[in-house]
Student: 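This is the structure I want to talk about, given as structure tokens.
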Amino acid sequence: MTIRPLNIDPTHCFIANEWVPALSGQTLALKNPSDGTTLCDIARGNAADIDRAVAAADAALEGAWGELAAFERGRILHRIGELVLENIDELTTLESMDVGKPVKQARADVVALARYMEFYAGAVDKIHGATIPFLEGYTVYTMREPHGVTGHIIPWNYPMQIIGRSVGAALAMGNAAVLKPAEEACLTALAFAEICRQAGLPDGALNVVSGLGAEAGAALTAHPFVHHISFTGSVGVGKLIQSTSAQNAVPVTLELGGKSPQLVFDDADLDAALPFLVNAGIQNAGQTCSASSRILVQRGVYNDVVARMAKRYGELRVGPAGDDLDVGPLVSLRQKEIVEGFLARGADLNKVAVGAVAPDAPIGGAYVPPTLFADVDPNHELAQQEIFGPVQVVIPFDTEEDAVKIANGTDFGLVASIWSKDGARQMRLAKRLRAGQVFINNYGAGGGVELPFGGVGLSGHGREKGFEALYGFSTLKTVAAHHG
Ligand code: NAI
Ligand code: MG
């Protein structure tokens with residue numbers, strides 16, 4: 001397979017602006033989750049390829065990339081954003097096939113990737129240090145500097161969006177990046193690399209090594225010349241990455257998903273809430289770090305909300321990504337197995353509605369019908385663990401106090417939302433909810449590239465997106481000059 005019109009052979013890694021096979025010559029099969037067929041082979045990079053990529057990044061910092069002024073980096077990012085949009089059809093098709101994402105959702109991710117490039121292109125020359133009043137005879141100031149080589153280990157659920165928010169911000173601040181995309185979906189990471197090359201990004205500023213987590217990913221994390229790691233993925237691997245990075249005393253940003261609640265109060269505008277209540281659980285087949293998998297509803301509107309959500313679930317259609325229905329397949333048969341395990345363990349729960357898989361959906365596809373449970377005990381596994389599939393639980397509550405307790409009663413804390421017309425309650429809850437983002441009378445704010453994002457607790461730490469990411473992807477130097 002060749003990725004058209006960019007002309008890329010996906011069995012290659014991207015190092016120092018060149019396409020090279022993995023040194024071992026090994027490849028992995030990339031599956032199409034809509035039908036289980038093999039899409040193409042990808043390079044199975046390992047420690048040796050990571051070594052080359054890190055060396056290329058290091059050379060970039062010492063060379064042409066390191067010499068650019070902030071506004072010059074911004075110009076390149078701007079050009080990358082333009083080329084992303086010029087290639088929107090191809091990127092949409094690649095992401096849709098590779099992830100199993102319905103076409104409209106994949107297209108929105110391309111636009112988001114371009115938006116990240118535009119945002120960071122415009123932001124990069126507005127970042128500056130401070131002068132600090134100090135003792136007589138001194139002038140003290142701070143400046144923001146890149147960490148150096150940044151490692152980016154990303155998952156398969158939103159490759160383009162996560163590249164945008166992490167690689168975009170890292171490049172803006174003048175780091176040189178090594179990207180390890182997920183073995184389940186990496187075609188748009190490769191396409192993005194080629195777009196960067198065509199946009200004039202200097203050699204080595206971005207390098208992409210595909211491969212397995214335990215091989216290429218582990219090697220990147222442990223590499224002594226990598227100065228920052230940004231990881232999005234599972235809690236288990238996140239903990240492993242943090243402990244490995246600790247050996248080199250390297251900072252990490254971890255974004256590990258969640259169990260994000262929406263709180264629906266008796267006074268909520270249910271017509272406004274309903275589309276968000278369901279979409280936030282089934283978008284990308286529920287494989288979204290900020291998916292809303294818990295719907296907490298006050299007793300007065302409980303039956304109404306359950307009935308309305310059930311009706312919507314009954315209308316949901318599931319099928320191949322290319323058919324652009326409400327829900328596509330999960331990313332892999334393995335992910336389907338994980339989700340089916342949760343559904344089996346929830347067999348005794350009150351299952352109120354199930355969406356329909358299209359009868360002609362290919363047998364080999366990773367399809368799981370969207371499933372809605374009601375009256376779920378907040379301590380049940382399905383109300384506590386990240387399922388990462390199209391499954392939501394509805395939980396009743398009586399008082400605001402109860403709602404806060406249930407909402408904060410998991411190990412996670414990524415996002416939360418409040419549906420209520422009571423302004424005082426909105427302010428109280430926005431303070432009390434344990435989450436990195438709180439939405440009032442909406443959910444997700446359309447993705448908002450401008451809005452700092454990240455979690456507390458097992459959802460991780462560090463912030464990406466918005467200006468905040470530019471601080472995370474840089475380090476602060478204080479200069480104290482004594483001049484008498
Ligand atoms: P994962 O955490 O294993 O994979 C994410 C990335 O980490 C991939 O690029 C993978 O190659 C890499 N990786 C795996 N092991 C590694 C290691 N030892 N060292 C360095 N990198 C490594 O996630 P997986 O297995 O794909 O999904 C399992 C569960 O994780 C999902 O069911 C979901 O609950 C959660 N998850 C959360 C995501 C989020 O957006 N926060 C994204 C993907 C998964
Ligand atoms: Mg894994």
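For ligands, and for the atoms within them, numbers begin at 1 and follow the listed sequence. Quick note: numbers below take in every heavy atom, side chains included, and nothing from hydrogens, waters or symmetry partners.
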Student: Could you list the atoms of ligand 1 found under 4.0 angstrom from a heavy atom of P155?
Tutor: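 Contacts of ligand 1 toward P155, numbered from 1: 42 (C), 43 (C).
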
Student: List in chain and number order the residues that pass salt bridge (Lys or Arg N to Asp or Glu O under 4.0 Å) with K405, two or more places apart in sequence or in another chain; answer none if no residue qualifies.
Tutor: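 Per chain and number, K405 pairs via salt bridge (Lys or Arg N to Asp or Glu O under 4.0 Å) with no residue.
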
Student: When the aromatic ring centroids of Y443 and W419 are compared, is their separation below 6.0 Å?
Tutor: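 Centroid separation for Y443 and W419: 6.0 Å or greater.
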
Student: Under 4.0 Å from any heavy atom of W156, which atoms of ligand 1 are there?
Tutor: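 This gives 24 (P), 26 (O) as the contact atoms.
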
Student: For E386, enumerate each residue passing the side chain to side chain donor-acceptor pair (under 3.5 Å) test, keeping only those at least two apart in sequence or located in another chain.
Tutor: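 Side chain to side chain donor-acceptor pair (under 3.5 Å) list for E386, sorted by chain: empty.
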
Student: Under 4.0 Å from any heavy atom of E386, which atoms of ligand 1 are there?
Tutor: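 It comes down to these atoms of ligand 1: 33 (C), 34 (O), 35 (C), 37 (C).
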
Student: Out of G213, C289, G236, who is nearest to atom 17 (C) of ligand 1 when you count heavy atoms only?
Tutor: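 Of the listed residues, G213 has the closest heavy atom.
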
Student: Would you tell me which option among V339, N284, T232, I153 has the nearest heavy-atom contact to atom 5 (C) of ligand 1?
Tutor: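 That would be T232.
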
Student: Looking at E255 and R463, does any basic side-chain N land under 4.0 Å from a carboxylate oxygen?
Tutor: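 No.
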
Student: Below 30° counts as parallel, above 60° as perpendicular, anything between as tilted: where do the rings of W156 and F388 land?
Tutor: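 Answer is perpendicular, since the angle exceeds 60°.
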
Student: Any idea which atoms of ligand 1 are less than 4.0 Å away from a heavy-atom of L256?
Tutor: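 Matching atoms, with element in brackets: 41 (N).
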
Student: Flag N157 as yes when one of its N or O atoms lies below 3.5 Å from any N or O atom of ligand 1, and as no otherwise.
Tutor: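 Yes, since at least one N or O of N157 sits under 3.5 Å from an N or O of ligand 1.
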
Student: Counting heavy atoms only, name the option from G211, G233, P181, A219 that's nearest to atom 36 (N) of ligand 1.
Tutor: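 Nearest option to atom 36 (N) of ligand 1, by heavy atoms: G233.
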
Student: State the atoms of ligand 1, each with its element, that fall below the 4.0 Å cut-off from a heavy-atom position in G257.
Tutor: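 Near G257, meaning under 4.0 Å from one of its heavy atoms, ligand 1 has 41 (N).
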
Student: Please identify which atoms of ligand 1 are closer than 4.0 Å to at least one heavy atom of G217.
Tutor: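 Listed by number with element, the hits are 19 (N), 20 (C), 21 (N).
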
Student: Determine whether the aromatic ring centres of H147 and H228 lie less than 6.0 Å apart.
Tutor: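 Aromatic pair counts; centres sit under 6.0 Å.
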
Student: Ion pair present between D326 and K104, side-chain N to carboxylate O less than 4.0 angstrom?
Tutor: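 Result for this pair is no, no salt bridge flagged.
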
Student: Going by the angle between their ring planes, with limits at 30° and 60°, are Y471 and F467 parallel, tilted or perpendicular?
Tutor: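 The arrangement is tilted - the two ring planes meet at 30° to 60°.
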
Student: What part of Y158, side chain, backbone, both or neither, has a heavy atom within less than 4.0 angstrom of ligand 1?
Tutor: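 None of Y158 does.
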
Student: Any non-hydrogen atom of Q287 lying under 4.0 Å from ligand 1?
Tutor: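 In this structure, Q287 fails to qualify as a contact of ligand 1 - no heavy atom is under 4.0 Å.
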
Student: Applying a 4.0 Å heavy-atom criterion (strictly less than), which segment of I154 is in contact with ligand 1: side chain, backbone, both, or neither?
Tutor: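 Looking at I154 and ligand 1, just backbone atoms fall under 4.0 Å.
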
Student: Indicate, as side chain, backbone, both or neither, the part of R334 found under 4.0 angstrom from ligand 1 when only non-hydrogen atoms are considered.
Tutor: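 It is the side chain that touches ligand 1; the backbone stays farther off.
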
Student: Would you mind listing which atoms of ligand 1 come within a distance below 4.0 Å of any non-hydrogen atom of E255?
Tutor: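 It comes down to these atoms of ligand 1: 41 (N).
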
Student: For H380 and F342, I'd like to know if the aromatic rings sit close, meaning centre-to-centre distance below 6.0 Å.
Tutor: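 When the ring centroids of H380 and F342 are compared, they turn out to be at least 6.0 Å apart.
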
Student: Is it true that E184 and R334 have a side-chain N and a carboxylate O under 4.0 angstrom from each other?
Tutor: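 Yes, E184 and R334 are salt-bridged.
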
Student: Check each atom of ligand 1 against the heavy atoms of L240 and keep those under 4.0 Å away; list them by number with element.
Tutor: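 Counting atoms of ligand 1 from 1, those under 4.0 Å from L240 are 18 (N).
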
